[in-house]
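Structure, as structure tokens:
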Amino acid sequence: MVTLANTEIREAAKRNGVRLWQVAEGIGISDAAFSRKLRRELSASERERVMTVIEKLAGEGREVS
């Protein structure tokens with residue numbers, strides 16, 4: 001069984017109705033670059049930054065298409 005890296009981030013985004021492309025936009029990088037970053041575990045500081053963006057987007061109640 002394959003375990004995805006950064007599972008906590010992926011689950012937090014899903015739980016809050018935030019798409020990963022929105023997170024990428026929120027941290028100022030392209031969707032493709034963010035997807036590549038998620039292939040390996042992020043550092044604690046990067047993880048914290050991404051989780052902050054997810055919380056902010058969830059709080060804004062952004063529509064997800």
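Numbering of residues begins at 1 and proceeds along the displayed sequence. Treat the numbers as computed from the prediction; the structure is a model and nothing was measured. FYI, side chains are in, hydrogens and waters are out, and symmetry mates aren't considered; it's all heavy atoms of this structure.
In terms of heavy-atom proximity, V23 sits nearest to F34 at CG1-CZ, 3.6 Å. For the pair S30 and A24, the tightest heavy-atom approach, listed with the atom from each and the gap, is O-CB, 3.7 Å. Here the closest non-hydrogen pair linking G17 and Q22 is O-OE1, 4.3 Å. Taking each heavy atom of R40 and A5 in turn, the nearest pair found is C-CB, 3.9 Å.
The line from CZ of R47 to CD of E41 is 6.0 Å long, rounded to the nearest 0.5 Å. With rounding to the nearest 0.5 Å, the separation of CG in L4 from CZ in R39 is 11.5 Å. Within the model, atoms CZ of R19 and CG of D31 stand 11.5 Å from one another, a figure rounded to the nearest 0.5 Å.
Counting only distance, with no hydrogens or angles, the side chain of N16 and the backbone of I54 share no donor-acceptor pair below 3.5 Å. Between the side chain of E11 and the backbone N or O of E8 there is no donor-acceptor pair closer than 3.5 Å.
Surrounding CD of E46 are more than 12 heavy atoms belonging to other residues, nucleotides or ligands, all under 6.0 Å away.
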Derivation and outcome, side-chain contact (heavy atoms from CB on, under 4.5 Å), residues R49 and L42: CA-CA 10 Å; R49 181 176 176 212; L42 298 176; over 6 Å; no

Trace of the side-chain contact (heavy atoms from CB on, under 4.5 Å) decision for L38 with L20: CA-CA 10 Å; L38 291 179; L20 293 178; 4.0 Å; yes

